Structures are given as C-alpha cells and as structure tokens.
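Data first, discussion second: the structure below is written as structure tokens.
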Amino acid sequence: MKDISKEHLVWMYTKMKMSRYFEERMEKAYMEGKQPVFNIGAGPVPGEMHLSNGQEPAAAGICVHLKKEDTVTAPHRPHHNAIAKEVDLKRMTAEIYGKKTGLGKGKGGHMHLFDPAVKFSCGGIVAAGIPHAVGAALAAKKLGEDWVAVAFIGEGAANAGAFHESLNLAALWKLPFIVVIEDNSWGISVPKSDSTCVPFNDVRAAAYGIKGYLVRDNDPFEMYRVSKEAVERARKGEGPSIIEIETYRFLGHFQGDPELYRDKEEVPTLRAKDPIERVKSHLIKEGMATEKEMDALDANIISEVDEAYEFAINSPLPAPEDALEDMFV
Amino acid sequence: MTDTKVQKLTGSKAMSLAIEQEMLKDDKIFVMGEDVGKYGGIFGSTTGLMDKFGPDRIMDTPISETGFIGAAIGAAAEGFRPIVELMFVDFHGVVMDQIYNHMAKITYMSGGNVKMPIVLMTGVGGGYSDAAQHSQTLYASFGHLPGMKVVAPTFPHDLKGMMTAAIRDDNPVVFMLHKTLQGLGWMDQIPASLGPVPEGDYIVPLNKAQVIKEGTDITIVAAQMMTVAAMNAVAGLEKAGINAEIIDLRSIKPIDKETIFKSVAKTKKLLIVDEDYLSYGYTAEVAALVASEAFYSLEAPIGRLAIPDVPIPYSSVLEKYVIPDANNIIAKAKEIMES
C-alpha cells in the first residue's frame, strides 16, 4: 500500500465517493413517481436502473492508470466506470433523465452512454463490449500508439461466447487489452457458483496464454497494484490480461428487484467492509490527509454531483419528433 | 375446453400454469434459461416451478445463450421437449445462428426425420423506457424465416392455451410474451394482463387469429399491446362514428388470413397496427395478403401504423412518439374512413 502516492489515492477516493454519491442520489431520483405503487416506466427516470454501489474499486483502481486516449467499454451497470473514466457528468446525468442535453440527446438512457471525448461507451447486452474494446486495442496497435483498452464486465459475461472469442483474438494479436471482471457474485439471481465452472476467472487466462490477476474482497489497494502492472504491460506491448475482482453488489440487480434469492445477511456484511471507508481511513492513518481535509473534499464532490443533477433536472426534454433524427450521419 | 372451472390469473401465472400442467404429464419436458429457477423468470414465466420440479427440470443457466439454446436443439433431437427462455428478444443477436440456421432448419434438412419439439419463449415489447436494446418486439425478424411457428398471445387465456399447444407441438415454436401483459408487480399493471383462465388444460390453436370486437366500418388488425391500444381506441372511434372490428392476430407465423379476409369483406377497410418496425413488418405482410388475395373487398387504401424505422428511444417523450397508441389509431382510422 505504501507504494501508492497520495495523489493517486486521493484521485481514487474522489472517483469512488463521487460514484457512490451519484448512485445514492439516483436511488432517490429513480423512485420519484414510482411510489406508493412501483411502476418501472413511471417518473422522471423511467426504465431499468442498475446501480453500482459497492463496486467502485473495480473502476477507480484501474482508471487511475488510464489517460484520456485509453478506451473503456462498460456493461449495463456503467455509472462507476463512466465516472472513473471522467465522462461528462452533467451530460451523463441529463442522458439518464432523458433530456435533450444528454450525451445521446435522450435516445440512449442509462445503459447506453457514449462519450467519445473520453473514449467511453457502454451497452445493455452482456459481453458485447468486450470485442469493442479489442477493436479499440487493435486500432491503438495499428496507429502505433501506447493506448490501452479496458473492457469492464460482470462475472456472468465470462461465460458468454464473446468473452472467449475476444480473448483469443486479443492474445493472438498481442493487443493492449485488459478485461476487468467485476465479480459481484450474482448474475441477476444466479450465484457465480451456479453459473461458472471455476471459482475464479483469472485461471482462464491460461487458456489464452495471457496473464491473469485475482483481487480478493473488493480491495482497492490490490486493484490499484495489479491494474498498474497490467496497464504497464499492455502499454509496452506485452499483451492482454484478465483481472477479476471480487466486488460487492449492495443493491438489487435493478432497482425494484425483490431480491428474494439473496440471504438477508449478505448486504449488511458487505456494507460493513465499505471500500470507500477503507481508502479514507488509510489516507488519514498514513497522515496523507486530515479529517477536515476529507470533509472538504467530500463537500466538493457532493456539490459537483449536485450541479450535474441540477443541470439534468433543469434541461429541456427533446421534442417528440426528435425521435426520427440521428439515424444516419 | 375440457374444464369449466375458471380463475382470474395474470399472464405470467397463466403461462407458468400451462408449463406446470404439461410437465406433470411428460417427464421429457424441462426448462432452461437465465433466472428461471428461484427467481421464477424475470417476466414470471416459470413462477413457482422450481419449488415443484427442482433444479434438474428447472435449470438456471449461465449467460450463455448460444450454449443453452443450442443444447435445447441437441436434447430435442434425443427425444426431450425443452422449453428455453431467451430473456429479452433483443438478446437474439447472440444466439441467432442456433435459432435460424439450426432449430428452424433441421427438421427440413433432415427430410422430416429429426423432430425439434422446442418452445423458445422470449420477452418482447417496450413502452416503459427500457431503450433500444430491451424494448423491441421483432415479430417480423422471427416470422420471416421458415421453420418456426411464431406466436404472440395477448390475453391470459390465450397465453395458457397457446403455451400448452406450443409444448405439445413437435416443431419449434417461438413464444413471444409481452412484458406489459404479464401482470408483473413492478410494471404498469394494466387490466388486460389479468383475465379468466380455465383451471384444467386446454389448447388454443397456434395458427388462429381472433375477432375480439365485432364491427362494421373498418377492420383493425393488431397483436399484443397494439391489440390493447386498439381496444382503448374503441370509445374514441365510436365518438367519431366508427364501429371498428378488431382482430387479435395471436399467431405471427402463420398469419390467419381467412379471419382477416372475412372481416375485410364485411368492413371494406383495413388498418394494421404493429409494435415492430414498419418496413417489412407484419403491417406489410397483412397488407400484401389482402391486396393480392382480397383486393376487391377494399374500398379505401390500407393503413399501417408501426415503429417508424428507428430504434426504440429511451426518453419517454421520444418513445411515446414512435410506439403507436389509441390516439394514433383513431386518427389513422378517421383518415382511412375519409379517404
């Protein structure tokens, strides 16, 4: 842990905290218009909502090593990944509110965020973003750049054909590609033990002759360390890696998920090990920051997120006939 | 019908009851899919079945559609009768080779020597801001290729009767369940998603449309939520002096053209409403059938309402604009009547 600079730790903390506060506000915003009777299509933020509370180390621990030119693809639960890749927070929030000022002018929604300025995209089909990141890595190699491409996926996606086809390609062509498997234990209601033939997916790296890393218990510091190595190796042309991190899903698969399949004790146990608190107490314990400085940092983070929400809420809706635009360019 | 006892059930309960009753009779039937076990299917199609049949017959799968839907094909060839769930029809892309090139063609390519008694059930439809990758119906994409029966029942009675028929059929049946018609607690619970369902087993044929409202002035052909929209348009149409006859397609492939021709012969006018894309959709198919085989029944140009060839947008205001509703139906019907 000592090898992590204050600058990097503060950066990680900022993104994790921002992501958490963003999601906590989204939890409330999403429920507007959905009470007392829940209706997924009602309220200012309708549709499915997959929140990332608890999964922040996966995103912040690797994105701290990335630059603007590096590509990130993310799945249906993308907010923490987007925030860590520094997607435009105002336009992202506006997109989730279905507003004209959103990243996709209200056409995409929370699962379909595209911010080419920071090379971020995500999508609603499991495993589909993996080959896209392989393509970005291929482009970097063709251009002779030292850029890397990172595909974030859930552990369920490691059993999709696209995962295996993509890893073979990336390994075959020795591409600067990293797949980060955010193992939150659950594919909706199906536990990893019922979906995956090996306990940990890092061992699958052997099938492609590449490097595999495993980060236990949502550890942000270990995520930082293995990601640093994987990114450096990718930049140097040493090929792709698999990083699997055991992470936490504090909430349901989607908001409104009754979660009857999950032990009631699980979430409180996970929350007690909150990774954001771990980073914060480390910063304080190592004398890198005072409580007061952390409070000031939190206040800044909260106001930045609040501003994004205000921007989204106050933005105009698209005109109905805008639905017919942007089919072709 | 073999049973006169009737209970009120949601669409999802009606479907799962059909599966349960057939599974009790035939141990070759088993279910595979994502979250079909404890969860009971994301859209409730296997509610309670895990408790009744256990994990050997109600099998949760990894997110490996090519694997488990392909495995249904292999098991069917060995004499099993698999029911597989593709959670959202939008996910067809990852498994279409198994569906289109194999499940749909093996019976034919084998000269009828290999049976494919598979039910592929899948959730369709939008209207709740689930955006472009979770809101499609894709009726036409599945109806287009030969080798599969494609059904899209609307009401709980038909969901049960057609599921029973689909399970008993020796051919692949794509069984499209509309999410909004399942009566799920977390969606908008519309009246059409709850209806009378006989307790015992019965069959609703896989190839028959149904006139759900008789009328004299115009025939409206629709399926699932567009059938509901047409029913919601009835009062407004009557206000405008239009007495519409409404046909619920129920079967996408084959289309029951006799029922449609008979209606058009009476009303002389036709409006087709689809929650799928306009181009090459069932609005085109029904229009072509009527124009080529019942042309002289018509006294006005055929009307078509469908998604205007754009992906389903997320924002409610945009989505409402592209999915036909009762107001669009009333306006279009008036236009046809005045033409």
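Both backbone and side-chain heavy atoms feed into the values below; hydrogens, waters and symmetry mates do not. Given the structure is predicted, the values throughout are model-derived calculations rather than measurements. The sequence lines fix the lettering, A, B, ..., with proteins before strands; numbering per chain opens at 1.
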Do [X] and [Y] come close enough that some side-chain heavy atom pair is under 4.5 Å?
| X | Y | answer |
| --- | --- | --- |
| B/E34 | A/V190 | no |
| A/V126 | B/I63 | yes |
| A/M111 | B/Q133 | no |
| A/Y97 | B/S315 | no |

Is it the backbone or the side chain of [X] that comes under 4.5 Å from a heavy atom of chain B, or both, or neither?
| X | result |
| --- | --- |
| A/A127 | neither |
| A/K34 | neither |
| A/I125 | both |
| A/F254 | side chain |
| A/E259 | neither |

Handout entry: Donor-acceptor under 3.5 Å (B/Y128 side chain, A/N39 main chain)
Key = no

Practice task
Please answer whether the main-chain N or O of B/D35 pairs with a side-chain N or O of A/S189 as donor and acceptor at a distance below 3.5 Å.
Solution key: no

Exercise for the section: For atom NZ of A/K105, decide whether the heavy atoms of other residues, nucleotides or ligands shown that lie under 6.0 angstrom number more than 12. Expected result: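 No, the 6.0 Å shell around NZ holds no more than 12 heavy atoms from other groups.
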
Exercise for the section: Check the surroundings of atom NZ in A/K192: do more than 12 heavy atoms from other residues, nucleotides or ligands lie under 6.0 Å from it? Expected result: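 Check passes, neighbour count above 12.
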
Is it the backbone or the side chain of [X] that comes under 4.5 Å from a heavy atom of chain A, or both, or neither?
| X | value |
| --- | --- |
| B/T66 | neither |
| B/M87 | side chain |
| B/V310 | both |
| B/L184 | neither |

Which heavy atom of [X] sits nearest to which heavy atom of [Y], and what is that distance?
| X | Y | result |
| --- | --- | --- |
| B/F88 | A/E48 | CZ-OE2, 3.7 Å |
| A/P320 | B/V317 | CG-CG2, 3.8 Å |
| A/I40 | B/M187 | CG2-CG, 3.9 Å |
| B/V322 | A/A323 | CG1-CB, 3.5 Å |
| B/A132 | A/H112 | N-CE1, 4.3 Å |
| B/S129 | A/P46 | OG-CG, 3.2 Å |

Exercise for the section: Sort out for me which of A/L324, A/V45, A/D257, A/V37 touches chain B most, counting heavy-atom pairs under 4.5 Å. Expected result: A/L324

Fill in the blank from the handout: With chain B, the option among A/G124, A/G104, A/G41 that has the most non-hydrogen atom pairs under 4.5 Å is A/G124

Practice task
Measure the CG-CE distance between B/D130 and A/M49 for me, rounded to the nearest 0.5 Å.
Solution key: 10.5 Å

